[in-house]
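Worksheet: the structure to be examined is printed underneath.
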Amino acid sequence: MTEPMLRMTGIRKTFPGVVAVDGVDLTVGPGEVMGILGENGAGKSTLMNVLYGLYVMDEGSIEVQGKKVHIRNSADAIALGLGMVHQAFTLVPNLTVMENIILGSEPSHVGFVDRAESRRQVQELIGQVGLEMDLDTLAEDLPTGFKQRVEILKALHRGAKVLILDEPTAVLTPLEAEDLFRSMKRLTEGGSTVIFITHKLKEVMAVTNRITIMRRGKVVTTVETKEATFDILANAMVGRQVERKFIFAPYQPGETLLQIENLSASTKHKTRGLNGCSLTVRAGEIVGVAGVEGNGQTELVECIMGLMRPTSGSIRLSGKLTNELSTSEILKLSVAHVPEDRALSGLILDFSIAENVVLGVTNSSEFSRRGFMVPKRVRDFARRIVKAFNVSTSGIDVKARNLSGGNQQKVIVGRELAGQPHLLIAHQPTRGLDVASTEYIQSLLVEARNSGRGVLLVSADFDEILDLSDRIMVLYEGKIIGELKRGAGIGELGKLLGGIAAS
Ligand SMILES: Nc1ncnc2c1ncn2[C@@H]1O[C@H](COP(=O)(O)OP(=O)(O)O)[C@@H](O)[C@H]1O
Ligand SMILES: [Mg+2]
């Protein structure tokens, strides 16, 4: 390697009671895509926050292009050519894309912002990295993937030579992720350096030159990507042999639990809505709904759960027409729901685990007597869930907000499955989770299916759909345009996802 772009040596950062980063050495070469792979809590974000000046390290030193530097805050980091895109975005909602990009780095022309010149520069930047954008849209109207593009463009516009992307794909669809990967490649071809943080093995293998694997605050190893295999990475990351196969009981679907016929619904969220969608889910099967996000998935789930009214067509749960029923009436038909956005509708973040496990069931006779909650029953139930579903927490009074994403999701799935529902509607159940939690949640879905429940799995993670589903329904522009059986490959699915109907 020529002179490294960046060298971090002996970095240590502690928080009260936690050594988040423990003596880490990291070298990043110019023009490379360096992967940092690790499970939740491995210390990846902390290490990068130290580099970007957001945390002061306890020990260690940092060199940029061979020169020792002292990064006291992010202004120092930016001045050194570092740029960072976090998982949570920092755009100003009521400013346009253009205004957000140039915020804080406006080129001036005799003291005034030269709008035409700024625009020209930003257009040129967009052309270079291939992140197409309409510059006049308000940030608040952008879908998530585009918000991220703005953040990247903003960092580049400020002159970032090293771009740090912290779990960027957690908020992207597979297609958006592919666009991002292409742009990362173009950036490095143009001489920039990218540090790409992820916990996803496939991604890190697909886009990096080298990979540093972290576990519990330490670097386990650094490998050349071309020499890496799934097993080497997974074992280094998790620290044990990773079991990738689920055990499926023989496929013997039973009674029809969910029957949807010709369902249409007008659109919310600026997507296309539903447009004559039909599908069924029977007991003992996982039916996967695959599709690029925005093809009607949200509307489908919301119609089933009574959160939205279809404009035509029918929904039957165990034979009963439910189009006009309320959510609470639908839940009584032995349906459980793992919602798309766990922080918005799955949990109340400021409530404790104990309070969250009884959300939606507060008037059930299991927890109340003559209309009053019986705290001991609730607490026992919460403890059972924490134990049975491996929730890692110091107790049931911990607020949901203070659990990791994986553990939040275990609380939700645990709560939903505890009622022994006939039908489980799981919407993006593993989105944004680390490998271990993903594996665990998926195994719960398989177990539910093996024990005779029906599962409707709506997911934009195609590997998840292919691994778990007995039948795969491909949703495109609001209707099902093809069905695949277990064993189908990504190639077959890919064609359907692009809207080429199965003949
Ligand atoms: N601001 C903070 N205060 C206290 N503990 C923190 C803070 N940030 C991170 N940690 C802890 O440091 C460890 C590493 O976290 P983090 O760097 O976020 O890991 P990763 O990004 O790999 O998921 C975890 O145990 C986490 O709980
Ligand atoms: Mg992180």
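Counting starts at 1 for both ligands and their atoms, following the listed order.
For atom 18 (O) of ligand 1, the closest non-hydrogen atom of the protein is Ser45 CB, 3.9 Å. The shortest contact between atom 14 (C) of ligand 1 and any protein heavy atom is with Gly41 O, 3.4 Å. Of the protein's non-hydrogen atoms, Ala20 CB, 3.2 Å is the one closest to atom 12 (O) of ligand 1. What sits closest to atom 17 (O) of ligand 1 on the protein, heavy atoms only, is Thr46 OG1, 2.5 Å. For atom 8 (N) of ligand 1, the nearest protein heavy atom (residue, atom name, distance) is Phe15 CE1, 3.4 Å. The protein heavy atom nearest to atom 19 (O) of ligand 1 is Gly43 N, 3.1 Å.
Heavy-atom proximity to Asn40, at under 4.0 Å, picks out these atoms of ligand 1: 23 (O). Residue Tyr55 approaches ligand 1 through these ligand atoms, each under 4.0 Å from one of its heavy atoms: 1 (N), 8 (N). Those atoms of ligand 1 with a heavy atom of Val18 less than 4.0 angstrom away are 25 (O).
Nearby protein atoms of type N, O or S around the Mg ion (ligand 2) amount to 1 (distance under 2.8 Å).
In this structure, Arg415 fails the cation-pi test against Phe389, since its NZ or CZ atom is not both closer than 6.0 Å to the six-membered ring centre and inside 45 degrees of the ring normal. Phe146 carries Arg149 over the face of its six-membered ring, with the cationic atom under 6.0 Å from the centre and within 45° of the normal.
In this structure, Asp350 pairs ionically with Arg401, as a charged nitrogen and a carboxylate oxygen lie closer than 4.0 Å. Using a 4.0 Å cut-off between charged nitrogen and carboxylate oxygen, Asp461 and Arg431 do not count as a salt-bridge pair.
In this structure, Gln428 contributes its side chain and Val458 its backbone to no donor-acceptor pair below 3.5 Å. At distances below 3.5 Å, at least one donor-acceptor pair connects side-chain atoms of Ser183 with backbone N or O atoms of Val129. Under the 3.5 Å distance criterion, the side-chain polar atoms of Asn235 are matched with a main-chain donor or acceptor of Asp231. With hydrogens and angles disregarded, no donor-acceptor distance shorter than 3.5 Å links the side chain of Arg12 to the backbone of Val24. Asn356 places a side-chain N or O within 3.5 Å of a backbone atom of Phe351 that can act as its donor or acceptor partner.
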Passes side-chain hydrogen bond (donor to acceptor under 3.5 Å, both in side chains), Thr212 versus Thr222? Steps please.
CA-CA 4 Å; Thr212 286; Thr222 297; 2.8 Å; yes
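Neither the backbone nor the side chain of Met214 comes within contact range of ligand 1; no heavy atom lies under 4.0 Å.
In this structure, Glu39 is part of the shell of residues with a heavy atom less than 4.0 angstrom from ligand 1. The shell of residues lying under 4.0 angstrom from ligand 1, judged by heavy atoms, excludes Gly38.
Put simply, atom 27 (O) of ligand 1 has no protein non-hydrogen atoms near it, under 4.0 Å away. Within the 4.0 angstrom cut-off, atom 6 (C) of ligand 1 has one or more protein heavy-atom neighbours.
Applying the salt bridge (Lys or Arg N to Asp or Glu O under 4.0 Å) rule to Glu189 yields the partners Lys185; only residues at least two apart in sequence or on another chain are considered.
There is no side-chain donor-acceptor pair under 3.5 Å between Thr96 and Asp136.
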